[in-house]
Amino acid sequence: MREIKFRAWDNGKMQRVDFNNLFVNRHHPTGTLYLRKEMPFGDYHITELMQYTGLKDKQGTEIYEGDIVQIKDHAFEGSMKIDGNYEVGYNEYMELCCGSWLLHRQLPYVTVVGNKFENPELLNK
């Protein structure tokens, strides 16, 4: 079983979020998430929530959705080079990917280099 962890991007900074402190406002049309510890003294809105993938890069850094990972020194099936920077997320089949590549297959070649909020310039164009 993988550990369930979250982090959030809010008000221009990244922060860890304790799963037990999350509160879903079911009365809001989008089911907005808040930190429970801030209730009821003013709702603390989390603008972007990212879940831990349960995977670590080759240096032992935890990989979260929204991270930018670098694949280096790797060729897919021996011929096609896939070196570059990719955003971590899910594809239409709910498979964890970095770009169009399945993340768990690339782990020996993956390093977390940033995230899409603090380092958008790192993404390949």
Side-chain angles (χ1 to χ4, degrees):
M1 288 201 81
R2 73 178 167 98
E3 190 173 6
I4 305 295
K5 294 184 190 182
F6 292 92
R7 69 178 186 195
W9 176 256
D10 190 57
N11 295 325
K13 65 181 179 181
M14 192 69 72
Q15 59 183 338
R16 299 272 179 224
V17 176
D18 182 350
F19 181 75
N20 295 324
N21 287 337
L22 287 177
F23 167 75
V24 178
N25 182 351
R26 290 177 285 167
H27 302 291
H28 191 278
T30 61
T32 306
L33 284 165
Y34 298 94
L35 288 175
R36 188 182 305 276
K37 67 181 181 181
E38 299 292 331
M39 305 289 283
F41 302 107
D43 297 342
Y44 190 86
H45 175 76
I46 296 175
T47 58
E48 191 80 32
L49 192 66
M50 292 153 278
Q51 187 170 0
Y52 174 49
T53 64
L55 301 172
K56 295 182 180 180
D57 71 3
K58 65 183 181 180
Q59 298 175 336
T61 303
E62 294 177 343
I63 302 174
Y64 284 79
E65 293 175 89
D67 276 344
I68 299 171
V69 295
Q70 181 180 70
I71 298 177
K72 193 170 181 181
D73 301 324
H74 183 46
F76 182 70
E77 294 184 357
S79 60
M80 190 169 83
K81 284 289 231 181
I82 64 171
D83 289 1
N85 295 343
Y86 301 92
E87 181 180 337
V88 174
Y90 288 91
N91 67 15
E92 64 272 18
Y93 306 108
M94 294 307 294
E95 298 168 319
L96 195 58
C97 293
C98 48
S100 60
W101 311 103
L102 294 178
L103 183 61
H104 70 279
R105 292 186 184 171
Q106 312 311 320
L107 283 180
Y109 312 97
V110 167
T111 304
V112 175
V113 294
N115 64 68
K116 68 181 183 180
F117 301 102
E118 296 172 305
N119 317 100
E121 72 281 359
L122 294 175
L123 286 172
N124 296 338
K125 301 293 179 219

If I compare all heavy atoms of Leu123 with all of Tyr86, which pair ends up nearest, and what's the gap?
CD2-C, 4.0 Å
Approximate separation, where rounding is to 0.5 Å, of Gln70 CD and Asp83 CG
8.0 Å
After noting the C-alpha distance and the side-chain angles of Tyr64 and Asn115, does the key distance pass the side chain to side chain contact (heavy atoms under 4.5 Å, CB included) rule?
CA-CA 9 Å; Tyr64 284 79; Asn115 64 68; over 6 Å; no
Walk me through it: do Gln106 and Ile82 pass the test side chain to side chain contact (heavy atoms under 4.5 Å, CB included)?
CA-CA 10 Å; Gln106 312 311 320; Ile82 64 171; 3.4 Å; yes
Ignoring hydrogens, what is the shortest heavy-atom contact between Glu65 and Arg7? Give both atom names and the distance.
O-NH2, 3.9 Å
Linking I/L/V/M/F/W/Y whenever any side-chain heavy atoms sit under 4.5 Å apart, do Met94 and Ile63 land together?
yes
Decide side chain to side chain contact (heavy atoms under 4.5 Å, CB included) for Ile4 and Gln51; before the verdict, give the C-alpha distance in whole Å, the side-chain angles of both, and the deciding distance to 0.1 Å.
CA-CA 7 Å; Ile4 305 295; Gln51 187 170 0; 3.8 Å; yes
Within the structure provided, determine whether Lys72 and Thr111 are in side-chain contact (heavy-atom separation under 4.5 Å).
no
Closest approach of Gly114 and Asn119, non-hydrogen atoms and distance?
CA-OD1, 3.2 Å
Is the side chain of Asp67 donor-acceptor paired with the backbone N or O of Val88 at a distance under 3.5 Å, no angle test?
no
Taking atom SG of Cys98 and atom CD1 of Ile68, what is their separation to the nearest 0.5 Å?
12.0 Å
Nearest heavy-atom contact between Glu62 and Val112 is O-CG2, 4.1 Å
Evaluate the side-chain proximity of Leu103 to Leu55: yes if any heavy-atom separation is below 4.5 Å, no if none is.
yes
Would you call Tyr90 and Leu96 a side-chain contact if the rule is heavy atoms closer than 4.5 Å?
yes
Just say parallel, tilted or perpendicular for the rings of Phe117 and Trp9, cut-offs at 30° and 60°.
parallel
